[in-house]
Amino acid sequence: MRITCAGGGPAGLYFAVLAKLADPAHEVTVLERNPPGVTYGWGVVFWDDLLDDLFAYDPVSARRIWSAACQWDEYEVRATGKEVTHLAGYGFSLGRHKLLGILAERAVELGVDVRYSSDLSDIPPSDLVVACDGAGSRLRNADAEHFGTEVETGANKYIWLGTPHVFRTFTFGFEKTHAGWIWYHAYPFDDETSTFIVECTPAVWSALELDRLDAAAGCARLETIFAAHLGGQRLIDHRADAGGTGWMNFRRVTNQRWDNGNVVLMGDAAHTTHFAIGSGTKLAMQDAMALADSLAAGGPLAPALERYEHRRRAALAPLQRAARASSEWFERMPEYADLPSARFSYALSDRRGEYPSWRYLLHLSTQRAVPRAMLRSALGVRRRSRARRRPAAEPRVPQLTGG
Ligand SMILES: Cc1cc2nc3c(=O)[nH]c(=O)nc-3n(C[C@H](O)[C@H](O)[C@H](O)COP(=O)(O)OP(=O)(O)OC[C@H]3O[C@@H](n4cnc5c(N)ncnc54)[C@H](O)[C@@H]3O)c2cc1C
């Protein structure tokens with residue numbers, strides 16, 4: 001089979017790997033418009049469920065991803081005028097550059113033809129074209145009516161920045177400025193860097209002049225606002241090199257159908273989920289797994305693509321509900337700002353409003369050091385027992401350079 005993956009993000013590269021593993025005789029090409037090593041964004045988070053899937057589908061790339069990842073073991077919530085509070089949980093993070101590097105290397109090892117600096121004007125003759133060119137997919141937009149594409153724009157403004165300040169763990173930070181509240185989601189993803197996503201309402205964005213400042217001046221303003229959180233370190237906007245700034249509104253993409261002849265949508269081209277639940281990469285890679293399974297079952301292409309779409313729609317639905325509830329919580333954030341510290345962080349963690357009432361009692365008790373350490377250690381046992389089932393070393397804890 002001749003397969004072209006239009007887009008070399010996590011979806012396209014991982015599907016190329018799985019297609020070659022399924023049958024080395026497949027001719028697989030990935031077309032990526034950027035040169036090697038160039039991409040948007042910083043680190044991404046993921047959890048045990050994705051790792052388990054990665055090990056089941058390709059232990060070689062899974063081992064590389066896991067051993068390059070950082071691990072964090074709770075959430076911290078910091079807000080102006082409130083005590084620091086803590087939320088239970090653990091997860092992993094990895095630089096998007098690193099992830100794409102690992103996947104591209106694996107794809108090339110298996111014989112995939114990865115073509116960089118190559119847009120979609122010259123797609124080779126293919127039995128299957130996977131449209132995995134991201135949320136703004138050109139292939140999908142060319143036939144938006146057929147796919148029934150809808151793009152809903154979120155109200156808040158956000159920017160995906162990086163910083164050399166290595167956060168201790170996943171941190172939500174909220175600052176009250178003269179213009180209103182502005183906040184960040186931050187986490188370390190290697191020994192030297194953290195992701196730092198800043199979000200605010202459009203009114204606060206304009207009042208802080210973030211709509212007018214260029215990338216350098218905008219970062220300087222945010223460094224001043226978040227000085228107490230950044231340990232004197234700077235913020236970096238990737239897009240500054242392109243002469244713009246990275247401020248955006250989240251785009252919620254949905255499609256009525258995912259296939260059109262031999263073209264099928266995958267990853268963000270098919271569906272997006274708000275970054276507040278950090279699952280878009282996972283979903284893109286799980287799409288790749290589902291399409292690989294569906295094709296491996298054999299038979300004509302059209303029913304295989306239908307099976308793929310059906311399986312993924314069912315899996316996506318709960319996460320899309322969670323993502324919507326989560327983004328709406330952040331759009332209403334100022335309404336929660338007057339809550340006392342522990343109630344505020346509990347409201348943040350229960351953004352979907354689904355927790356049973358005992359969770360609040362647990363949350364209150366784990367604000368104290370000893371019960372929190374006990375809960376962390378119980379979660380650590382669970383994490384290690386899951387990890388023992390995977391044939392690889394544990395991920396590194398980042399080497400911290402700041403508090
Ligand atoms: C602020 C933010 C934070 C996020 N954090 C997380 C997180 O913590 N965890 C997580 O799981 N997800 C996270 N995500 C979501 C995640 O980044 C995406 O869901 C994921 O990258 C989707 O993968 P993809 O392969 O479908 O698309 P993309 O990663 O967008 O890849 C598409 C690729 O196609 C290429 N391309 C586009 N157009 C063309 C063209 N015309 N010709 C050739 N190539 C083209 C692009 O250059 C790109 O390489 C976050 C997203 C945002 C915005």
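For this chain, numbers begin at 1 and follow the sequence in order. Keep in mind that what you see is a predicted model, and the values were worked out from it rather than measured. When a ligand or atom number is given, it counts from 1 through the structure's own listing order.
Contact annotation for Thr281 and ligand 1: heavy atoms of both the backbone and the side chain come within less than 4.0 Å of the ligand. For Ser118, every heavy-atom contact with ligand 1 shorter than 4.0 Å involves the backbone, none the side chain. Only the side chain of Arg96 comes within contact range of ligand 1, with a heavy atom under 4.0 Å; no backbone atom does.
In this structure, Thr39 does not count as a contact residue of ligand 1, since none of its heavy atoms falls inside 4.0 Å of the ligand. Look at Tyr187 and you'll find a heavy atom under 4.0 Å from some atom of ligand 1. No heavy atom of Gly41 sits closer than 4.0 Å to any atom of ligand 1.
A centroid separation of 6.0 Å or more is found between the aromatic rings of His185 and Tyr187.
There is a side-chain donor-acceptor pair under 3.5 Å between Glu175 and Thr80. Side chains of Asp133 and Ser137: a donor on one and an acceptor on the other come within 3.5 Å.
Nearest-heavy-atom check against atom 50 (C) of ligand 1 across Phe46, Trp160, Phe170 picks out Trp160.
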Dump the intermediate steps for ring-ring contact (aromatic ring centres under 6.0 Å, His included) on Phe167 and Tyr184, then the final yes or no.
-> CA-CA 12 Å; Phe167 280 81; Tyr184 66 84; 5.7 Å; yes
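Taking the centre and axis of the six-membered ring of Trp258, the NZ or CZ atom of Arg312 falls outside the cone set by 45° and 6.0 Å.
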